[in-house]
Amino acid sequence: MKQRLKLASVSPTLLDVYAEDGMTLDQLMAFTVSGDHERQEQVFERLQHAYDKQPYAIRRMLTEGAVRASEKRAQFIGIDAYVAAGGTVLRDLFQGDDGGWLQDVALVDQMVTDKLKAESDAIAAEGWRWIEVAPDFAYGHTFGLRQLRGETVPLTAEEEATRDAFQAEFDRLSEEYQDADDLPDAVDERLSELETALEGFQSLPVVFDQAEIGRAGAFVSIAHDGQLRIERGYVRPEDELPVEPETDAAEEEAPRAAAESFDSAGVEVVAHEPMAEPEEDEGLSPISDRLMTELTSHRTLGLRQALGERPDVAFLAALHVMTLKTFYHYGSDSCLELDLKSVTFGTQAPGLNDSASAEAIRARHESWAKALPKESADLWAVLQEWDGDSRESLFAHVVSLSVNAVHEAWNRRPRAFAHADRLAQAVELDMAAAGWKPTVVNFLGRVTKARILQAVAEAKGPRAADRIAHLKKGDMATEAETLLADTGWLPEPLRTPGNGSADTAPTGAAGEQTTAEGGETAMGDQMTSHENELADDVSHAIAAE
């Protein structure tokens, strides 16, 4: 019924055109995306001079510039709040529209700005030295900044009891329905509620020292799922406290000796006789710097030889120094001269900071940060107490941050890229499974038409490519994005050698999806029975008018 009413609400001018067989039912359906008659008629006029009159082109013209309801800005402000503020949502009742489109982009941006401002004001009230606010930050924006180590607020006895009760209920329901093919709706809903509640108990607030808050700051932005993202406790290098130089006993004696060279009136006392070397029985004198260097050189060689015989301790020592440099931003607490570099990305790929990989790395890093001691001096003892699996997992995380397989025109590293291929094979990397999909923004709109057609032919077969070959570049890229969605197709730089799912793609007739299998349906004069029924209803509506 909603579909019929939607069709009947199209501009009378366009209904007249349809009644005179001036457009197909599919084209008329596409015009229902927007309820603005003036806008519909403008697009129809554009269509008269356009080569492509397909329904998807009509939908794209009607929604160009709009914000998808699934986009994180829309999720952040909330669709209901946007509508209450006077915003318009475009919906497509005839095809999946992923929640529709928010038409008033200026209103969306203003609401995002206002909400972020309100949230950041609350964060600033905590006393931070600085607050940076933006819907997005570039990936790696915290590189080079030291993150404060706060104290996690423990659960109260009442909260612990509630968590234990939720966990017990979750375990009971999971065990009771573990063999069920389909969960009852009520049980499925309850399990989801319990899972969400238990996750909330894991995200405990962190308390920072007030003195540290005064020289640190926070980043406030929007996460990939539309939730508020707050990154607290980052200290810029210029806000760090000056490091006091380390002094030994000999250095402390020097000023004292200098002070003793003056009398009580401040007049320098000149010694005419050289000071005699102290006798052995007069007490122990400090070891000279030269001798200290020689002795510790011998000890360094001894440590090297001994450490080379103990892989377990060598692993612990390497993990210790790399963890220091990753989580504490200095390695002076270790005698190992190992370095760990984590490159920043000079050229930011679209959506890099919100990618599934970035989110997973961020969550893993935060989890390890919570598990490590606040003071770097305690790190060695903590790592010694951990079991082998925990050490290896931390080691893998720290080492992973040093990977640099970024191609840069000015930095030729063919052997490094060859090693990146071997590493990808070793970890069985599948970028499609990791969440990367070809879109107009990240690939299709930035390559030639020939490459777009090649991608579609590889993923969907030559016939699918032939059907969009006549389109202009922008339209071709948009249609290719739809065709390639959920196919797992990847451009060559993202493929892992030897990975069949990424290396090869169906071609020819065998690779073509039929209409019954969910493939592309060619536009034709025939209509399904459902379309005929809708057409009859529209004809009656027109006649009634």
Greater than 12 external heavy atoms within 6.0 Å of Glu199's CD: yes
Set of side-chain hydrogen bond (donor to acceptor under 3.5 Å, both in side chains) partners for Lys117, sequence neighbours left out: Asp121
For Glu366, what residues pass the side-chain contact (heavy atoms from CB on, under 4.5 Å) criterion, not counting sequence neighbours? Arg362
Applying salt bridge (Lys or Arg N to Asp or Glu O under 4.0 Å), can you list everything that pairs with Asp109, at least two apart in sequence or on another chain? Arg73
Does Lys437 have any salt bridge (Lys or Arg N to Asp or Glu O under 4.0 Å) partners at least two apart in sequence or in another chain, and if so, which? Asp486
Test side chain to side chain contact (heavy atoms under 4.5 Å, CB included) applied to Val399 and Leu340, step by step: CA-CA 8 Å; Val399 170; Leu340 184 85; 5.5 Å; no
Counterpart residues, side-chain hydrogen bond (donor to acceptor under 3.5 Å, both in side chains), relative to Trp128 (two or more places apart): Glu126
Mind checking side-chain hydrogen bond (donor to acceptor under 3.5 Å, both in side chains) for Asp239 and listing every partner two or more places apart, or none if nothing turns up? Arg129
Mind checking what makes ring pair (Phe, Tyr, Trp, His ring centres under 6.0 Å) contact with Phe443, not counting sequence neighbours? Trp489
Restricting to side-chain contact (heavy atoms from CB on, under 4.5 Å), what partner residues turn up for Asp114, sequence neighbours left out? Gln110
For Val398 and Phe327, the nearest pair of non-hydrogen atoms, with its separation, is CG2-CE1, 4.2 Å
Work out which heavy atom in Asn353 is nearest to a heavy atom in Arg229; give both atom names and the distance. ND2-NH1, 3.5 Å
Mind checking side-chain hydrogen bond (donor to acceptor under 3.5 Å, both in side chains) for Asp225 and listing every partner two or more places apart, or none if nothing turns up? none
Set of ring pair (Phe, Tyr, Trp, His ring centres under 6.0 Å) partners for Phe219, sequence neighbours left out: Trp130, Phe137, His141, Tyr234
In terms of heavy-atom contacts, does CG of Asn411 have more than 12 from other residues, nucleotides or ligands at under 6.0 Å? yes
Atom of Leu401, atom of His365 and distance for their closest heavy-atom approach: CD1-ND1, 4.0 Å
Which heavy-atom pair separates Met476 from Ile468 by the least distance, and what is that distance? CE-O, 3.4 Å
Is any side-chain N of the basic residue among Glu359 and Lys72 closer than 4.0 Å to the acidic one's carboxylate O? no
In sequence, state the C-alpha distance, the side-chain angles, and the governing distance for Leu102 and Met111, and then conclude on side chain to side chain contact (heavy atoms under 4.5 Å, CB included). CA-CA 12 Å; Leu102 279 61; Met111 292 181 69; over 6 Å; no
Those residues that, when tested against Glu240, pass salt bridge (Lys or Arg N to Asp or Glu O under 4.0 Å) (two or more places apart): Arg146
Identify whether the distance between the nearest side-chain nitrogen and carboxylate oxygen of Glu492 and Arg495 falls below 4.0 Å. no
According to the salt bridge (charged side-chain N to carboxylate O under 4.0 Å, His left out) rule, which pairs have a member within residues 444-454, sequence neighbours left out? none
Which atoms form the tightest heavy-atom contact between Ile123 and Ala218, and what is the distance? CG2-CB, 4.2 Å
